[in-house]
Amino acid sequence: MIDLNGKRALVTGGSRGIGAAIALALAEYGADVAFTYQRAAKKAEAVAKSIESAGRRAIAIQADSGDPEAIMRSVSEAVSALGGLDILVNSAAIGHTGTIADIDVNDYQAVMDVNVRAPVLFAKAVIPHLTEGGRIITIGSALGERVPFPGITAYAMSKAALTSFTRGLSRELGPNGITVNLVQPGATNTDANPADGEAADFQRSLTSLGRYAEPREVANAVVFLASPAASVITGAILTADGGAIA
């Protein structure tokens, strides 16, 4: 049963790409949605208007996921605006390419701060507000399990860490009736990795389906995990990569 009426969600990195698709899909199924963005104010405004046009409440919160204070503030603003939270979706992420021999240490640290530390801190801030039936869903990457080309090791490391985070947190929150799951997309048609990009043909060749995913297809997996239909699913890794790691 996919029914999110009355639920209140916070989506990090919700102004574009997969995050925006998730925010819009949650609203379509009845949730009120707060979401963070860093720089894309116009895109954030458009997402908020689309959510409101679906008859749901929306709040766009400017916050840098690399800043612990901004994380705490954004959760407080979401709780205040929506009257609480039932769902957290950790979607914000960044990537820097480069071999381990060449990657700048500041770029490496930025990837770890946003892709690993931020989901932990968002969860830490949200947990006190969750009750039985609460959901924490994190967006990882199929690259967390398979690294098919060089230059993405740091990014892949950051996404691999989310597997242990998900499994461990599911153990911690299970007694409270809160589920914790991970969705691992593969090549998805976004501004950051467009289906007509320079490496797109190679990425398509890795998949069983021979195509990119659309952001909404990843969002559909999140909606399912956020819904009562997934009430017994926790500590799970759902890979939505078109068969790239099959």
Side-chain angles (χ1 to χ4, degrees), residues 2-38 40 43-63 65 71 74-75 78 81-82 85-95 114-115 118-119 122-123 126 130 134-142 144 159 162 166 179-193 212-230 233 236-242:
I2 309 298
D3 182 2
L4 299 178
N5 279 291
K7 299 299 183 181
R8 301 154 297 182
L10 171 60
V11 180
T12 73
S15 65
R16 57 184 181 175
I18 292 172
I22 291 168
L24 293 168
L26 291 172
E28 180 182 325
Y29 282 91
D32 295 322
V33 183
F35 63 92
T36 68
Y37 70 95
Q38 185 173 0
K43 290 185 177 181
E45 182 181 355
V47 171
K49 286 183 177 179
S50 293
I51 291 170
E52 290 169 348
S53 71
R56 310 313 310 173
R57 289 182 292 170
I59 175 173
I61 302 169
Q62 195 284 323
S65 291
I71 290 171
S74 64
V75 172
L82 300 181
L85 284 173
D86 307 288
I87 301 163
L88 168 66
V89 183
N90 287 308
S91 179
I94 62 171
V114 174
N115 295 5
F122 270 108
V126 167
L130 297 179
R135 301 283 191 264
I136 295 177
I137 302 162
T138 301
I139 305 302
S141 170
K159 293 300 187 178
L162 298 175
T166 297
T179 67
V180 186
N181 292 293
L182 179 68
V183 176
Q184 296 188 142
T188 305
N189 186 23
T190 63
D191 291 346
N193 185 22
Y212 268 49
E214 291 300 323
R216 179 55 191 253
E217 292 178 297
V218 178
N220 288 341
V222 173
V223 168
F224 166 67
L225 291 172
S227 76
I233 300 174
I237 289 82
L238 175 54
T239 302
D241 70 343

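Here the side chains of Thr188 and Pro185 are in contact, with some heavy-atom distance below 4.5 Å. Residues Ile71 and Thr36 have side chains not in contact (no heavy-atom distance under 4.5 Å, counting atoms from C-beta outward). Using a 4.5 Å heavy-atom threshold, the side chains of Arg135 and Val222 count as separate.
When all heavy atoms of Gly14 and Ala23 are compared, the pair lying nearest together is O-CB, 4.4 Å. Heavy atoms only, all atoms of each residue included: Lys159 and Ala93 are closest at NZ-CB, 3.5 Å. In terms of heavy atoms, Ala118 sits closest to Ser65 at CB-O, 3.3 Å. Annotation for Ala142 and Gly186: closest pair CB-CA, 4.2 Å, computed over non-hydrogen atoms. For the residue pair Leu24 and Ser50, the shortest heavy atom distance occurs at CD2-CB, 3.4 Å. Here the closest non-hydrogen pair linking Ile51 and Ala58 is CG2-CB, 3.6 Å.
For the side-chain contact (heavy atoms from CB on, under 4.5 Å) with Ile237, the qualifying choice from Val183, Leu182, Thr138, Leu162 is Leu182, the only one to do so.
Annotation: salt bridge (Lys or Arg N to Asp or Glu O under 4.0 Å) contacts involving residues 2-26, sequence neighbours excluded, comprise Arg8-Asp86. Counting only residues at least two apart or on different chains, the salt bridge (Lys or Arg N to Asp or Glu O under 4.0 Å) pairs with a member in residues 216-229 are Glu28-Arg216, Arg211-Glu217.
Atoms CG and CD1, on Asn189 and Ile18 in that order, are 10.0 Å from each other to the nearest 0.5 Å. Here the straight-line distance linking atom CD1 of Ile139 with atom CG of Asn90 works out to 8.5 Å at 0.5 Å rounding. The CG atom of Leu85 sits 11.0 Å away from atom CZ of Phe122, with the distance rounded to the nearest 0.5 Å. To the nearest 0.5 angstrom, Ile59 atom CD1 is 6.5 Å from Leu82 atom CG. Interatomic distance, Leu26 CG to Ile87 CD1, rounded to the nearest 0.5 Å: 5.5 Å. One finds the CG atom of Leu10 at 5.5 Å from the CG atom of Leu88 (value rounded to the nearest 0.5 Å).
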Does Val89 form a side-chain contact (heavy atoms from CB on, under 4.5 Å) with Phe35? I'd like the steps, not just the answer. CA-CA 9 Å; Val89 183; Phe35 63 92; over 6 Å; no
Run the numbers on Ile233 and Phe224 for side-chain contact (heavy atoms from CB on, under 4.5 Å), then give the verdict. CA-CA 10 Å; Ile233 300 174; Phe224 166 67; 3.7 Å; yes
Please walk me through it: do Tyr212 and Asn193 pass side-chain hydrogen bond (donor to acceptor under 3.5 Å, both in side chains)? CA-CA 10 Å; Tyr212 268 49; Asn193 185 22; 3.1 Å; yes
Please determine whether side-chain contact (heavy atoms from CB on, under 4.5 Å) holds for the pair Leu238 and Leu225, giving the CA-CA distance in whole Å, both sets of side-chain angles, and the decisive distance to 0.1 Å. CA-CA 9 Å; Leu238 175 54; Leu225 291 172; 4.3 Å; yes
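The closest donor-acceptor contact from the side chain of Ser227 to the backbone of Ala229 lies under 3.5 Å. A donor-acceptor distance shorter than 3.5 angstrom exists from the side chain of Thr12 to the backbone of Ser91, with no hydrogens or angles considered. Counting only distance, with no hydrogens or angles, the side chain of Gln62 and the backbone of Gln38 share a donor-acceptor pair below 3.5 Å. A donor-acceptor pair is defined here as one N or O able to donate and one able to accept, closer than 3.5 Å; no such pair exists between the side chain of Ser74 and the backbone of Ile61. Side-chain atoms of Arg57 never come within 3.5 Å of backbone atoms of Val33 as a donor-acceptor pair (strictly under, hydrogens ignored).
A search for salt bridge (charged side-chain N to carboxylate O under 4.0 Å, His left out) contacts involving Arg56 returns Asp32, not counting sequence neighbours.
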